[in-house]
Structures are given as C-alpha cells and as structure tokens.
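Whatever order the structure lists ligands and atoms in, that order sets their numbers, starting from 1. Heavy-atom basis, side chains included; hydrogens, waters and symmetry copies ignored.
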Amino acid sequence: MKTYIKDLSTQQDSVVTLQGWVQNKRESKGLIFLILRDGSGFCQCIVDLGNIGEENFASISALGQESSITLTGKVVADTRQIGGYEIHVDSVDIIQNCSDYPIANKEHGIEFLMDQRHLWLRSKRQWAIMRVRNQVIFAIHKFFQKEGFVQMDAPIFTGNACEGTTDLFETDFYGEAAYLSQSGQLYGESMAMAMGKIYTFGPTFRSEKSKTRRHLSEFWMIEPEMAFYDIFDNMDCIEDFVRFVVKEILENSKMELELLERDTAMLEKTVKPFIRLTYDDAVAIIKGEKEVDTKTTIAVLEADLVETKAQIEALKKDIAEREALIAAGGMKKGKVNFNLNTIDKNKNQIKQLEEDERNIPQWLESAKNFTYGEDFGGSDETVLTRMFDVPVMVYDWPHEIKAFYLKRNPENPRFARGVDMLAPEGYGEVVGGGERETNETLLIEKIKEHQLPMEEFEWYLDLRRFGSVPHAGFGLGLERLVAWICKLPHVRETIPFPRMYGRLKP
Ligand code: 4AD
Ligand code: MG
C-alpha cells in the first residue's frame, strides 16, 4: 500500500511503501540514514546492510541527493524524529539515481538560489513557506465564504489605472494600449453593487523599479468590497479577517512555523483589539510628540539601540567560548557539530542585529524630521508599529497623497477616508483600503486632478449615477502577509516564482 509521510502516525508498526526523493544521506557502520521527502513531509529511513544485502546496500549507498525512489519498510515510532516516526527499510526501487544536484545541504548565496528557484522549492524551508502560503489562501477563502461574500474575478487587461499611472505595465491588446491590472478594486465596486459583498483574488502588477524587501512586480491581492459599509465597518472587517487568518495558521501550520523557527508570540497577540489611529495622531506618535504608554518613539528607539548592542556583545562572547571549547579538543563529534551549528546561528543573528544597529539611528532621524502631510515611508511604519504589539490601522489621510477614489471625511474634507493596516515586527503596510467617494462631482474633480483619461472612467461613474450607496473595501497583499506570518526577511520567498525588478527567470 502506498502511504504519504504525513500519514505515518496511522501506520505504526506496519509495513508501508513510500515514494519520494533522497533529501539527504549519511552512512555509518553498515547503516545508511536516508532522509526521504515525498512532498507531504520528511522522514528518516534506515537501511541496514545485514537486512538488505551487499548489492542493494551498495546501490543505495551510491544514490545522489534528489534521486527518486520507491521504498518499503516498517514504521517505527521514534520521538527524536521530526514527524515522530522512522522507517526500517526492507527494499528500495530506484526510479532515477542522479548526481551533482546544484543545491547542496549548505549555505548558498541568495542570487544563486533565486537562479535555481525551480529546484530550490524542494528545500525544507521553501517547502514550509509554500505550505503556509497555501494555508493562508485557504483561510482567506474560508473567512469570506463564511461571511457570505461572493468571489468574483476582475480582469487583468485593463484600460484604466486604479492606483496612479507611474507603475503601470503597458501591453498591446490587439493594437490598443492596455495595462496589466494594478488592482481589481474599481471592478470590485461594480460587482459589489450586484452582489452586496464580494472579494476578488488575483494577480496584480506594478512596475516598481527599485529593489526593496516588500515589493514584487507581480503579486496576489485579495480585495473585498462591501456595499453599505463605511470606513469604520471596513476597519472592523479588516481586523476580523486578519485575526481569523492568523488564528487559522497558528492552529494548522504549527509544524511549518516550527521548521521556520518562527517565534509565534507576536502572532498570538492578534487576538487583542488592533490599534486605530488617525493620520494626525500617528504622525504625532512617530515624531515623538505624543506618548504611547508614557513612552515616546525616541525613548523606545534609543533603548532598542542600547539593547541591540548588548545582544551583539553577548552573542560574540558566546561564539568565542564555543570556539575555544572546540579548539581545546577532546570533544565528541556530535557535540562539535552542535556547537558549530550554534555558532552559525549566532553569527546569522548578529548579522540581523547589526543591521538594526545601523538602521535604528536612521529611523530616529527620519522619525524626528517627518514632515506632516507626507505619506509614510517604510521606516516611519517601523517606528510607529514598534510602539504597539498588535497591527495598527491608520485612517483619515491628507487627501492629496491618497488615491482619487477615496471619500472625504464629511466633517473635515482635508482628509480622505483611506485606511492602511501596518503589521508589527517591522513589516509595515499589509492592507490598503478605504471608503469610496460617492459624490460624482467630487470624483470627476479628482479624476481630472490626477490627470486620468475621463472616458475610461465613464462606466465607473455610472456606479454613482444608478443606485449609488456608501461602500468600502480594501486590498491585502498576500505575499506581505505571508512574509510577516513566517517572519521572512524578504517577500521573494513567499511566492513560487517571484517577478521583480531584475528577476524574470526561471
Ligand atoms: O495599498 P494598495 O496600493 O491599495 C490598492 O491597490 C487598493 N485599490 C486596494 C483596495 O482598496 N481594494 O495595495 C494594497 C496592498 C498593499 O497594502 C500591499 O500589501 C500590497 O497590496 N502591495 C504589494 N505587495 C507586493 N508588492 C508590491 N509592489 C505591492 N504593492 C502593493
Ligand atoms: Mg497602499
């Protein structure tokens, strides 16, 4: 019977057949320890010379990394193994023995790995990230379906810009200029008038000619749009939605988060109410003019800097001690390896801390000097979210810096009813949305102000001419959410084949 590694717990002490790839292999005194991966999991399989015969042993011993095999053996409980089980092998059928797999089980540079993305996806870390992405997508659908939203898809070829004209990808549509969609929102608004509550979930495209850790040229966006919702209903929806997804991941992706060594303490805090701040209050906090829990951003960042330096020193000391112990000799091989691994981990952590050490003074400077009326940069978001342990929603932005379609605050038309949700731990904007302008005259003014071609928006204006109602919605960037949930340094690892400035292949 063919079994998947994920199901081994139901097969204890029986003989099963597994099919997969040799992820790793080591040999010691007549035993071969294979790590088999089959897509559903990883499992140690032990081949015993005495059991399998010399000829078979030799051919298994010759298997290269990523060779494909069918293997039969007994399922034995072993709590030291990742899944809690190992296989005592009876026989192995080789499907393909391969050699010189480009990605060895050691550190590689990121550009090399990106060039090998078609193979890199097989590695344990990437496997775990993709599985979290899958669970996030599942949770997203679960949330909206249970809340009575209808999924409808917006077109990818569009005639108009939704989010400003600077980052459009232009393409040729039978001789007519067309743009790859930056956002399905305008179509989402139309569909919400037909259905009440909808969400779109599709790829969106932005030509961002800069390399940052949060920008892709092609990314997946979830865009709910709700009739009869105002900005506050919208914020309730964002909060319920993000909390639901995080909770589902904490419940269903434990093993993956563990593999990624994700400390989930911050994620667990999302059960608490999110913070809601107007732009004005957020700016006062960023600049250090307004305290949060009796502390200013300036004081918190200065303390962070001191703490960061202390952590770096402590890690350096730990490395020196371990190196001295190894150098003294007489240590068992297993212990040496353990210490070498710890040293590597510490060195990586130092690299990250040193980046903070360089960044914090810059964050401090830009926070102090933030000019009221401007949009937030990545560092402003980091500084603001540092003050809270749950996501922060900033709303009522100066209308000049926001999209043309946002409604003005009726009490103070200087502000547009946009809302950004900023994730903690330095991740920043994950959601952007708001209440939509329903006043046709104001909309026309805005379209002109943004120098957008009026004729392309005639159908959109129809939505304000026929049964116009208050409505709101938002867009969540899937890759940014996955990056935060997994605590990854860059969004490029959150999508199977990232497309970004300087990266089109493989
Ligand atoms: O804030 P944005 O530009 O908002 C919109 O597109 C609205 N039309 C959405 C709506 O109200 N229906 O983008 C929404 C989110 C951002 O918060 C971010 O998470 C993600 O999309 N995003 C990107 N993700 C990766 N790479 C990029 N270049 C991104 N640009 C935006
Ligand atoms: Mg935005």
Asker: So does Ala178 get a backbone contact from the side chain of Thr171, meaning a donor-acceptor N/O pair under 3.5 Å?
Answerer: no
Asker: Classify the contact between Phe219 and ligand 1 as side chain, backbone, both or neither, using a heavy-atom distance cut-off of under 4.0 Å.
Answerer: side chain
Asker: Output the list of atoms in ligand 1 that are nearer than 4.0 Å to some heavy atom of Tyr405, sorted by atom number.
Answerer: 7 (C), 8 (N)
Asker: Check Val491 against ligand 1 and report side chain, backbone, both or neither, counting heavy atoms closer than 4.0 Å.
Answerer: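 Neither; no heavy atom under 4.0 Å.
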Asker: Please verify whether a non-hydrogen atom of Glu225 lies at under 4.0 Å from ligand 1.
Answerer: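 Glu225 does not count as a contact of ligand 1 under the 4.0 Å cut-off.
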Asker: Just by distance, with hydrogens left out, do Gln126 and Glu493 show a side-chain donor and acceptor under 3.5 Å apart?
Answerer: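 Checked: Gln126/Glu493 side chains pair up, N/O donor to acceptor below 3.5 Å.
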Asker: Show the atoms of ligand 1 that are less than 4.0 angstrom away from any heavy atom in Gly432.
Answerer: 1 (O), 9 (C), 10 (C), 11 (O), 17 (O)
Asker: Verify the distance test for Glu429 against the Mg ion (ligand 2): any N/O/S atom under 2.8 Å, yes or no.
Answerer: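 Glu429 does place an N, O or S atom closer than 2.8 Å to the Mg ion (ligand 2).
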Asker: With a cut-off of 4.0 Å, which atoms of ligand 1 are near a heavy atom of Glu208?
Answerer: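 Listed by number with element: 28 (N).
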Asker: Given Arg417, which of Asp230, Asn234, Asp396 fulfils the side-chain hydrogen bond (donor to acceptor under 3.5 Å, both in side chains) condition?
Answerer: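 Testing Arg417 for a side-chain hydrogen bond (donor to acceptor under 3.5 Å, both in side chains) against Asp230, Asn234, Asp396 leaves exactly one candidate, Asp396.
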Asker: Would Lys290 and Asp280 pass as an ion pair if we require N to O under 4.0 Å?
Answerer: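 Here Lys290 does not pair with Asp280 in a salt bridge, since their nearest N and O are not under 4.0 Å apart.
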Asker: Can you sort out which atoms of ligand 1 are near Val431, meaning under 4.0 Å from one of its heavy atoms?
Answerer: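 Near Val431, the atoms of ligand 1 are 17 (O).
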Asker: Is the closest N or O pair between Leu476 and ligand 1 shorter than 3.5 Å?
Answerer: no
Asker: Which of these, Glu189, Glu458, Glu440, sits in a salt bridge (charged side-chain N to carboxylate O under 4.0 Å, His left out) with Arg464?
Answerer: Glu189
Asker: Cation-pi check for Phe274 against Arg243: NZ or CZ below 6.0 Å from the six-membered ring centre and within 45 degrees of the axis, yes or no?
Answerer: yes
Asker: I'd like to know if the side chain of Ser379 reaches the main chain of Trp363, judged simply by a donor and an acceptor atom lying under 3.5 Å from each other, with no hydrogens or angles considered.
Answerer: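 It does not hold such a pair.
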Asker: Looking only at protein heavy atoms, which one is nearest to atom 18 (C) of ligand 1, and what is the separation?
Answerer: Arg480 NH1, 3.5 Å
Asker: Using a strict 4.0 Å threshold on nitrogen-to-oxygen distance, state whether Glu355 and Lys351 make a salt bridge.
Answerer: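 No salt bridge links Glu355 with Lys351.
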Asker: Run through His108, Arg503, Lys505 and flag the one making a side-chain hydrogen bond (donor to acceptor under 3.5 Å, both in side chains) with Asp115.
Answerer: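 Exactly one option meets the side-chain hydrogen bond (donor to acceptor under 3.5 Å, both in side chains) with Asp115, and it is Arg503.
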Asker: With a 4.0 Å cut-off on heavy atoms, is Val430 in contact with ligand 1?
Answerer: yes
Asker: Within ligand 1, which atoms have a heavy atom of Gly433 less than 4.0 Å away?
Answerer: 11 (O)
Asker: Can you tell which of Glu449, Lys446, Arg414 makes a side-chain hydrogen bond (donor to acceptor under 3.5 Å, both in side chains) with His399?
Answerer: Lys446
Asker: Give me the residue, atom name and distance of the protein heavy atom closest to atom 7 (C) of ligand 1.
Answerer: Glu163 OE2, 3.3 Å
Asker: To check your reading of the model: name the closest protein heavy atom to atom 12 (N) of ligand 1, its residue, and the distance in Å.
Answerer: Glu223 OE1, 2.7 Å
Asker: Side chain or backbone, does Gly477 bring an N or O within less than 3.5 Å of an N or O on ligand 1?
Answerer: yes
Asker: Establish, for the pair Lys402 and Tyr279, whether the NZ or CZ atom is under 6.0 angstrom from the six-membered ring centre and no further than 45 degrees off its axis.
Answerer: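 That pair does not qualify as a cation-pi contact.
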Asker: So which bit of His215 gets within less than 4.0 Å of ligand 1, heavy atoms only: side chain, backbone, both or neither?
Answerer: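 The answer is both, backbone and side chain.
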Asker: Give a yes-or-no answer on whether the side chains of Gln145 and Tyr199 include a donor-acceptor pair shorter than 3.5 Å.
Answerer: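 Short answer, yes.
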Asker: Taking the minimum heavy-atom distance to atom 10 (C) of ligand 1, which of Gly475, Gly434, Gly428 ranks first?
Answerer: Gly475
Asker: Only heavy atoms of Arg214, strictly under 4.0 Å: list the atoms of ligand 1 that pass.
Answerer: 25 (C), 26 (N)
Asker: Among Arg206, Arg436, Glu429, which one puts a heavy atom closest to atom 1 (O) of ligand 1?
Answerer: Glu429
Asker: Which residue holds the protein heavy atom closest to atom 28 (N) of ligand 1, what is that atom called, and what is the gap in Å?
Answerer: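 The protein heavy atom lying closest is Leu216 O, 2.9 Å.
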Asker: Answer side chain, backbone, both or neither: which part of Met221 comes under 4.0 Å from ligand 1, heavy atoms only.
Answerer: side chain
Asker: Quick one: does Ser183 get an N or O within less than 3.5 Å of an N or O on ligand 1?
Answerer: yes
Asker: Does the side chain of Phe376 reach to within under 4.5 Å of the side chain of Phe370, using non-hydrogen atoms?
Answerer: yes
